[in-house]
Amino acid sequence: MQYWLLKSEPDEFSINDLAKLAPKVEPWSGIRNYQARNFIRDQMQIGDGILFYHSSCKQPGIVGLAKVASTPYPDPSQFDSVSPYFDAKSSIDNPRWVLVDIEFLEKFKRVISLTQIKAMPQFSELALIKSPRLSVQPVSSSHWQQLLALGR
DNA sequence: GCCAACGTTGGC
DNA sequence: GCCAACGTTGGC
């Protein structure tokens, strides 16, 4: 069991969109970064915890929880020539990009803002701070527990 | 395999 | 909308 942080732009897909779907799952489509892809492909397992992060918005921060709801499988959008996520160099036989389904768990009572996280020295090693552009990040169980306590 | 050019992310 | 950081591409 591992923990992750996934970023989403709320204008595109927010925690409320995920909540509305529940108990249906959302295929986490569109990851086009190798480091992020490798985490999904090599390490994600059903039941893993996910911190849901809102980026590129008024109040960037962690807004709730989800969980990994499938094993990794090829992202269909890479084969769709009209999709913005189309990848001509990928093929059905040798797909380049994978995704997992994610399932809503809860919305935090309060948003854990990026400002707040940055102000707390215990989070200086969090990938969100150290690798701010990575859209799929591992989170240690210690950080996970601390962040849960802050959000609930 | 280096590295310049280019594209993208995302906070501010 | 700006721009810093950084990932990717492609020529050599």
Side-chain angles (χ1 to χ4, degrees), chain A residues 2-21 25-44 48-68 72-140 142-144 146-152:
Chain A
Q2 284 188 254
Y3 303 103
W4 305 97
L5 182 147
L6 295 192
K7 292 184 193 171
S8 186
E9 299 188 13
D11 289 348
E12 302 289 325
F13 190 85
S14 72
I15 188 78
N16 290 331
D17 296 324
L18 188 64
K20 266 182 253 163
L21 277 181
V25 299
E26 172 73 6
W28 204 246
S29 188
I31 297 298
R32 294 294 180 272
N33 166 284
Y34 290 105
Q35 218 184 330
R37 190 275 313 265
N38 294 348
F39 283 133
I40 296 171
R41 186 190 61 188
D42 304 334
Q43 296 187 44
M44 278 198 181
D48 281 1
I50 296 170
L51 295 165
F52 199 94
Y53 179 87
H54 280 173
S55 68
S56 293
C57 58
K58 264 197 173 157
Q59 199 191 22
I62 301 167
V63 293
L65 295 184
K67 68 176 179 182
V68 175
Y73 61 96
D75 181 344
S77 65
Q78 70 195 302
F79 308 124
D80 177 358
S81 60
V82 300
S83 164
Y85 299 120
F86 177 66
D87 185 343
K89 291 176 183 164
S90 191
S91 68
I92 301 270
D93 290 342
N94 190 18
R96 181 177 289 195
W97 306 110
V98 295
L99 56 72
V100 289
D101 296 337
I102 74 166
E103 183 180 345
F104 176 77
L105 286 181
E106 68 181 72
K107 195 174 161 178
F108 280 157
K109 286 214 169 62
R110 39 187 181 268
V111 174
I112 311 170
S113 71
L114 180 61
T115 314
Q116 187 183 357
I117 295 167
K118 279 182 171 169
M120 303 176 80
Q122 66 265 41
F123 294 122
S124 63
E125 295 299 306
L126 195 65
L128 189 67
I129 307 303
K130 280 189 110 178
S131 314
R133 297 183 42 187
L134 192 55
S135 60
V136 175
Q137 322 183 339
V139 175
S140 72
S142 158
H143 282 151
W144 169 267
Q146 294 176 66
L147 289 164
L148 243 60
L150 284 173
R152 280 173 167 161

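Letters go in sequence order (proteins before strands), and every chain restarts at 1.
- Among the atoms of the strands shown, only primed sugar atoms or phosphate atoms (P, OP1, OP2) are found under 4.0 Å from some heavy atom of A:K89.
- Spacing between atom CG of A:N33 and atom P of C:dA5 amounts to 18 Å, rounded to whole angstrom units.
- OP1 and OP2 of C:dC6 both lie 4.0 Å or more from every side-chain N or O belonging to A:Y34.
- The separation between A:I31 atom CD1 and B:dT8 atom C1' is 13 Å, rounded to whole Å.
- Between A:K130 atom NZ and B:dT9 atom P the separation is 23 Å, expressed in whole Å.
- Only one option out of A:Y85, A:W28, A:Y34 pairs with A:W97 in a ring pair (Phe, Tyr, Trp, His ring centres under 6.0 Å); it is A:Y34.
- In this structure, A:K118 reaches the B:dC12 phosphate: one of its side-chain N or O atoms is under 4.0 Å from OP1 or OP2.
- Rounded to an integer number of Å, the gap from A:R32 CZ to C:dT9 C1' is 17 Å.
- Atom pair A:Y85:OH and B:dT8:P shows a separation of 12 Å (rounding to whole Å applied).
- Of the inter-residue distances, the one linking A:L150 atom CG with A:M120 atom CE reads 5.0 Å to the nearest 0.5 angstrom.
- Within the structure, every side-chain polar atom (N or O) of A:K7 is placed at least 4.0 Å from both OP1 and OP2 of B:dT9.
- Atom NZ of A:K58 is separated from atom C1' of B:dC12 by 14 Å (rounded to the nearest Å).
- When distances run from any side-chain atom of A:R133 to the nucleotides C:dT8, B:dG11, B:dG7, the shortest one goes to B:dG7.
- For A:K107, there are no salt bridge (charged side-chain N to carboxylate O under 4.0 Å, His left out) partners two or more places apart in sequence or in a different chain.
- Atom CZ of A:R96 and atom P of C:dT8 are 10 Å apart (whole Å).
- A:Q35 places its CD atom 15 Å from the C1' atom of B:dT8, with the value rounded to the nearest Å.
- Side-chain contact of A:S91 with A:D93: a donor-acceptor pair under 3.5 Å is absent, judged by distance alone.
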